[in-house]
Amino acid sequence: MPDLLANLNPEQHAAVTLPNEPALILAGAGSGKTRVLITRIAWLIQHGLASPATILAVTFTNKAAREMMARLQALLPIDTRGMWIGTFHGLCNRMLRAHHRDAGLPATFQILDTADQLSAIKRLMKGLNIDDEKYPAKNLQYFINNSKEQGLRPKDVDATDNFNRKFVELYEAYDQQCQREGVVDFPELLLRCFELLAHNPPLRAHYQARFRHILVDEFQDTNKLQYAWLKMLAGQTNSIFAVGDDDQSIYAFRGANVGNMRDFEHEFNVRHMIKLEQNYRSHGHILDAANQLIANNSRRLGKNLRTDAGHGEPVRVYESATDTQEAGWIVEEIKALISTGTSRSEVAILYRSNAQSRTIEHTLVNAGIAYRVYGGLRFFERQEVKHALAYLRLIDNPNDDTAFARVVNFPTRGIGARSIEQLADAARLYNCSMAAAIPYVAGKAGSSLASFANLIGRMRAETQQMSLPETVEYVVRTSGLTEFYQNEREGQDRLENLQELVNAAAAFVSEEGYGMDTPARSIPLRPGATTAPELAVATDDPNTVVLDAPGIADPAQNPDTMTPLAGFLSHASLEAGDNQAQAGQEAVQLMTVHAAKGLEFTAVFITGLEEGLFPHENSAMESDGLEEERRLMYVAITRAKERLYLSFAQSRMLHGQTRYNIRSRFFDELPQETLKWLTPKVEAGARWGGRSDNAGYGRDWFARPGYTGPASSTPAPLPAFANEQRAAETGFRIGQQVFHTKFGEGTITALEGGGTDAKAQVKFKRHGEKWLALAVAKLQAVE
């Protein structure tokens, strides 16, 4: 028999050999938690304390379950096929299949994935003639899933208003539809399995007698229903061996409840809580930074990572003037790493928001460095970006059938597959484009198609004299894309990407030497020409250009000359196509910090460390928001093995506008002796340019009004000139008393943006501080 305990450190050894009672293993990043979990199972079997059939092991991904099976088979010569090792959904599916009659399901019940579930909800709403603008299908899907994850059936949901009462009614109708059709969605698997055990005492007793040992990986990511299911299986006598790290709980937006770890400790009277603090991944300076940062969180079980690998390289910090300069510095550092032998795939660039990737991707493409967006798509391949580009292509060329087919019914405008099929038939019959064939389609389909053609025609006419960035912004809004994604429960990332497309257009105009005010569809002069480019005016026909003065380049004679819009569309296609050219190459890894959890890299760049971006501005509106952001930063730091780079920019093109930023508060929470500033360090409160006075204010201060660093929670007073500027932009001023219909009376503590983008931070008497969009919130001034 193999010596399973060989090469375990003392804490790992203690965890593996614990007696059969509830235990909580606090496993820090890179501390070998998977090894402990697998060795624990093997040790129980090897010593006759358990048989494979009495063990239930829960993981969060199928990949982790397969890895656990493979490593167990490598450790012990046992047949693992009968073991219950899998995800929550996988194990519940297995139990429901075995007891489908007791669960009220057909033997052949089918599982709806997320997309199938949304289709079923839309079909239900259409059959009930529900207004999908008032009750968006995506929002109903979120409501149903959230209710199920809380263990609530329609009768249990507390509906406080007519809107929610309607959602409850639709939830009940959806449940009935699924029951009739013999299908279950993912949350239903767990809820139905929980109810099966709760309502069937003999069956519950059977499984409690069988699974004497329950082991759970990533316990910090469990939601309310998952924890309830585990408790029911454990009963009064079984042990739960819970492995997790409360400092890496970053999925609250998915329903994960980090409080389950504290509840488990108390409810199960856990006597053994073992901390795995020996880190086998990172050097000392990186761990010191992570430890000191996370120590600022108040509600944690507490541990301190250590390593025998030495201090290693200091954490490098870079401050740039712009996000473009930040991306350029990152690329130069990556080139240096590659030249010293670091593999491209061992370099990761992490960011808080998906929209940040666009500038970095563009710089990598220009430098000829292969990259891969992990767990996502490259910027120009993202669905919402491709939709916007399709509308732009139709403005540039209304006969583009590929673009036409992509957006003719997106957002939905009542043009179904049958209508499009009729149109395609007419186009083939008359040998013309789909747009040109619209007059040949009769009836309601023809009317709907004509309305779409009118929309494209109106956008083409309206954008005739707009610059490229203005054109992109106008098309995104007028096409209905903005409104569509605003109504999606999880559409914020897509909206940010659409706003970033406007920034991409502005960057393209600048880099290619076009005038910023050059109309997107005019033929501008290239460098060296003598006639003013504004004399070249595009007509309503995208293929015709009126040349108002001699000396302007004729595109027919100079094919290299193209309109800014045509050039931008070509640029987008080429950058998207670069993905195929790089296929199979070793590539730098780009990803959000959320996507990086569980991964490790030799060198890690954490970008955009600015107030409002990381930590994200939304964290101010949530009770545990800042602590979750700090846990996210902790996860980002602990991905690095040898080199860690932190960067931030004084100004950043984000969400469709230039933002002037102050560095993230996280810098003040890191041990300064571990940091190596590659640019002169500017103390908190100091400025990076713009108007200033003796009080020490500058234009960067306006990006997060009132921020004074972690040493103080009291916003600094705005200087008079700043408050006047904000009042002019928003109609409100700092310190003003206001009233909100839901939150009551409050005081404005910060203002941001202007026009339709204006936001206010209000400190309400009963509800604390909240950021509100002034265009939506309808604040009333209190005299």
Going from [atom1] on [X] to [atom2] on [Y], what distance comes out if it is rounded to the nearest 0.5 angstrom?
X      : Y      : atom1 : atom2 : result
Leu389 : Asp396 : CG    : CG    : 11.5 Å
Leu468 : Thr463 : CG    : OG1   : 10.5 Å
Cys432 : Asp401 : SG    : CG    : 8.5 Å
Ile369 : Thr363 : CD1   : OG1   : 9.5 Å
Tyr485 : Gln492 : OH    : CD    : 13.0 Å
Arg652 : Thr324 : CZ    : OG1   : 9.0 Å

side-chain contact (heavy atoms from CB on, under 4.5 Å) with Gln141: which residues, sequence neighbours excluded? Thr114, Gln117, Leu118, Ile121, Lys138, Asn145
side-chain contact (heavy atoms from CB on, under 4.5 Å) with Ala403: which residues, sequence neighbours excluded? Ala390, Arg393, Leu394, Asp400
Not counting sequence neighbours, which residues clear ring-ring contact (aromatic ring centres under 6.0 Å, His included) with Phe568? List them please. Phe508
Hits for ring-ring contact (aromatic ring centres under 6.0 Å, His included) against Phe484, two or more places apart or cross-chain, chain-then-number order -> Phe410
Taking the side chain as everything from C-beta on, heavy atoms only, tell me whether [X] gets closer than 4.5 Å to [Y].
X      : Y      : result
Glu500 : Thr359 : yes
Thr478 : Arg458 : yes
Tyr318 : Glu333 : no
Arg372 : Val588 : no
Gln650 : Thr322 : no
Leu609 : Met633 : yes
Asn661 : Leu613 : no
Leu481 : Val475 : no

Determine which pairs satisfy salt bridge (charged side-chain N to carboxylate O under 4.0 Å, His left out) with at least one residue from residues 474-485, sequence neighbours left out, and list them in order. Glu473-Arg477
Nearest heavy atoms of [X] and [Y], plus distance in Å:
X      : Y      : value
Glu319 : Thr679 : N-OG1, 3.0 Å
Phe614 : Gly608 : CB-O, 3.8 Å
Ala388 : Val476 : CB-CG2, 4.0 Å
Pro469 : Val509 : CD-CG2, 4.2 Å
Ile438 : Gly446 : CG2-O, 4.3 Å
Leu779 : Phe732 : O-CZ, 3.7 Å

If you count the non-hydrogen atoms of other residues, nucleotides and ligands that lie under 6.0 Å from OH in Tyr374, is the total more than 12? no
Is there a donor in the side chain of [X] and an acceptor in the side chain of [Y], or the other way round, less than 3.5 Å apart?
X      : Y      : result
Tyr371 : Glu361 : yes
Glu470 : Ser467 : yes
Arg352 : His616 : no
Glu496 : Ser353 : yes
Ser664 : Glu610 : no

Tyr135 and Phe163: ring pair (Phe, Tyr, Trp, His ring centres under 6.0 Å), yes or no, with the steps? CA-CA 8 Å; Tyr135 303 101; Phe163 187 83; 5.1 Å; yes
Set out, in order, the CA-CA distance, both residues' side-chain angles and the distance that settles side-chain contact (heavy atoms from CB on, under 4.5 Å) for Ile415 and Leu423, then state yes or no. CA-CA 11 Å; Ile415 301 173; Leu423 181 64; over 6 Å; no
Kindly indicate, with the supporting measurements, whether the criterion side-chain hydrogen bond (donor to acceptor under 3.5 Å, both in side chains) is fulfilled by Glu326 and Ser647. CA-CA 7 Å; Glu326 177 191 47; Ser647 64; 2.7 Å; yes
Do the rings of Tyr645 and Phe605 sit parallel, tilted or perpendicular, given the 30° and 60° boundaries? parallel
Arg665/Glu611 salt bridge by N-O under 4.0 Å criterion: yes
Across all chains, not counting sequence neighbours, the side chain to side chain donor-acceptor pair (under 3.5 Å) partners of Asn497 are Arg382, Glu384
Using the side-chain contact (heavy atoms from CB on, under 4.5 Å) rule, take Ile349 and Gln589 through it: C-alpha gap first, then chi angles, then the decisive distance, then the call. CA-CA 6 Å; Ile349 304 173; Gln589 308 292 299; over 6 Å; no
